[in-house]
Amino acid sequence: MIPQNLIDKLPELKTPLYYYDMDLLQETLNAASNAAKPYGYHIHFALKANFNVKVLETISATGMGADCVSGNEIIKALQNGFHPRQIVFAGVGKSDEEIRLALEKNIYAFNCESLQEIEVINEIAGSVGKKARIFLRLNPDVKAHTHKNITTGTAETKFGISPLETELYLKQLDHFQHTELIGLHFHIGSQICDFSVFKALALKVNEIQDHFESNGVKIQHLNMGGGLGIDYKHPEKNPVPDFKGYFDTFNQHLKLRPGQEVHFELGRALVAQSGVLLSKVLYVKSGEKNRFAIVDASMTDLLRPALYEAYHKIENLSNNGNTGDILDVAGPVCESSDVFARNIALGTTQRGDFLAIYSTGAYGQVMSSAYNLRSPAHTLYSDEL
Ligand code: LLP
């Protein structure tokens, strides 16, 4: 997966280093677009997964839209080729300034997460003489069967409008004159590989649409969020996610009304497998119970293992894959959770070896921090090699 010319060049390069395979990115984007096309589905890339300029330029060039969760993401999307009419703005806590900015830039729609937020958007839109297009992000109470920290569509999470607030909204629709309800939005979680979860979501959305219609409210469009998972265990076998299976599931189970558009907000599935974090072994040490490879990347470069105990495949690129050492791979930060993997077979490993930590193109670089006053990782794109 890592080209030999990159492996040869590693001693000259600075690590930790995020390497992006731009051919794989393009192949993934093409697969997603081709799978969505027959159904006329619209894809918005969730910028929160990766906002590197080159990645954004590549994605916007395909004609996809953007899913933003802050004013800064809206600005970033606009600066990198995304059309304002293809930008959706989500998030439970949009500030007044961010709402003003989104109105001023004429984005496609706000995904609203509470009754009070709709009230504020209505007020601000009125004050600037505009009508805000809104989707209601509803909490459908559908289990995503994924990590609890990335589950967003069950009743106890902070996300989405509850059935109680939805009923209150329906009773006072006429009150929100400076907003136009153009659709319903859902996002139930991330890293979902079981398609029956998406089927359950589609069936729930059918019921919710019927309920709105029985209240005299016609739903123009649907936004089904993101969530499609990737194969962290075998990135080499499955570099491109099953977009066809994903969109087919919705096509089979969603009951669309005539003229209804369906939108999706994919993040991870579009970019994760294109990114690899490369790191150098600083020390190999023996503890009482385990042996450790201490590497120069840390949780400040890739937080997922520390935050979610997430698995990322790791390979030693310097030892030709021989068998040998069983090691924990840990970073330099002063936290016991700064560990990328425990008890893995890395082959004979020594100071100066280079490790590849795979599937890090999504929620990797974007979640970096400066904890311990560490420097940010370097970046290399395959077309610059
Ligand atoms: N739409 C909304 C409203 C979202 O909240 C998210 C992700 C997405 C779309 C994109 O979801 P995706 O297709 O990437 O699953 N940091 C975590 C993931 C957090 C996801 C947050 N929301 C991780 O590293 O696994």
Side-chain angles (χ1 to χ4, degrees), residues 28-29 32 36 41-51 55 59 64-70 73 77 87-94 108-114 117 135-140 142 144-154 157-161 183-195 197-198 201 222-232 241-243 246-247 250 262-275 277 299 301-312 340 357-369:
T28 308
L29 297 172
Y41 290 164
H42 300 260
I43 303 176
H44 302 260
F45 172 59
L47 260 79
K48 64 170 84 67
N50 190 308
F51 42 67
V55 170
I59 297 177
M64 287 181 189
D67 163 39
C68 300
V69 285
S70 68
E73 282 194 0
I87 294 180
V88 292
F89 182 21
V92 287
K94 303 175 186 76
Y108 171 55
F110 293 84
N111 292 334
C112 297
E113 303 235 8
S114 68
E117 179 194 328
F135 277 67
L136 302 184
R137 175 175 180 177
L138 301 182
N139 187 326
V142 172
H145 299 292
T146 181
H147 193 284
K148 72 173 172 23
N149 290 10
I150 50 177
T151 286
T152 52
T154 51
T157 68
K158 69 178 176 181
F159 299 101
I161 302 178
L184 300 181
H185 171 247
F186 304 87
H187 174 77
I188 56 169
S190 201
Q191 183 51 19
I192 300 168
C193 296
D194 174 359
F195 286 174
V197 169
F198 295 120
L201 172 64
L222 295 173
N223 182 333
M224 307 308 294
L228 175 60
I230 61 141
D231 191 344
Y232 281 101
D242 182 7
F243 294 106
Y246 174 71
F247 290 127
F250 285 102
V262 187
H263 296 254
F264 291 87
E265 302 166 343
L266 293 172
R268 184 188 324 262
L270 296 177
V271 291
Q273 300 290 31
S274 310
L277 177 58
M299 63 193 287
D301 307 301
L302 177 67
L303 186 59
R304 304 192 71 255
L307 192 57
Y308 316 116
E309 293 180 354
Y311 174 86
H312 285 263
F340 291 118
I357 308 177
Y358 290 104
S359 317
T360 50
Y363 306 113
Q365 230 172 344
V366 284
M367 289 172 76
S368 305
S369 78

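One-based numbering, in listed order, for ligands and for the atoms of each. Keep in mind the model is a prediction, meaning the values are calculated, not measured.
Residue contact check: Arg268 has heavy atoms under 4.0 Å from atoms 12 (P), 13 (O), 14 (O), 18 (C), 23 (C), 25 (O) of ligand 1. Within the listing of ligand 1, atoms 13 (O) sit less than 4.0 angstrom from a heavy atom of Leu266. Proximity to Ala46 (heavy-atom distance under 4.0 Å) selects the following atoms of ligand 1: 10 (C). Atoms of ligand 1 found under 4.0 Å from any heavy atom of Gly267, numbered from 1 in the order shown, are 12 (P), 13 (O), 14 (O). For ligand 1, the atoms closer than 4.0 angstrom to any heavy atom of Gly226 are 9 (C), 13 (O). Contact atoms of ligand 1 toward Arg137: 3 (C) (distance under 4.0 Å to a heavy atom of the residue).
In this structure, Gly227 has a heavy atom closer than 4.0 Å to ligand 1.
For the pair Lys94 and Phe89, the cation sits on the ring face: its NZ or CZ lies under 6.0 Å from the ring centre, inside 45° of the axis.
Residue Arg304 has at least one N or O atom closer than 3.5 Å to an N or O atom of ligand 1.
For Tyr308, every heavy-atom contact with ligand 1 shorter than 4.0 Å involves the side chain, none the backbone. Contact annotation for Leu307 and ligand 1: no heavy atom of the residue comes within less than 4.0 Å of the ligand.
Proximity of a side-chain donor or acceptor of Glu113 to a complementary backbone N or O of Ile161 within less than 3.5 Å is not detected. The backbone N or O of Glu265 lies less than 3.5 Å from no partner atom in the side chain of His44, so there is not a single donor-acceptor pair.
Residue nearest to atom 5 (O) of ligand 1, selected from His44, His187, Met367: His187 (by heavy-atom distance).
Within the model, atoms CG of Asp231 and CG of Asp242 stand 11.5 Å from one another, a figure rounded to the nearest 0.5 Å.
Across all non-hydrogen atoms, the minimal contact from His187 to Arg137 is O-NH2, 3.0 Å.
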Chi angles and distances behind the side chain to side chain contact (heavy atoms under 4.5 Å, CB included) call for Val88, His263: CA-CA 10 Å; Val88 292; His263 296 254; 5.6 Å; no
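Under the 30°/60° scheme for interplanar angles, the aromatic rings of Phe198 and Phe195 are found to be tilted.
Residues Phe45 and Leu29 have side chains not in contact (no heavy-atom distance under 4.5 Å, counting atoms from C-beta outward).
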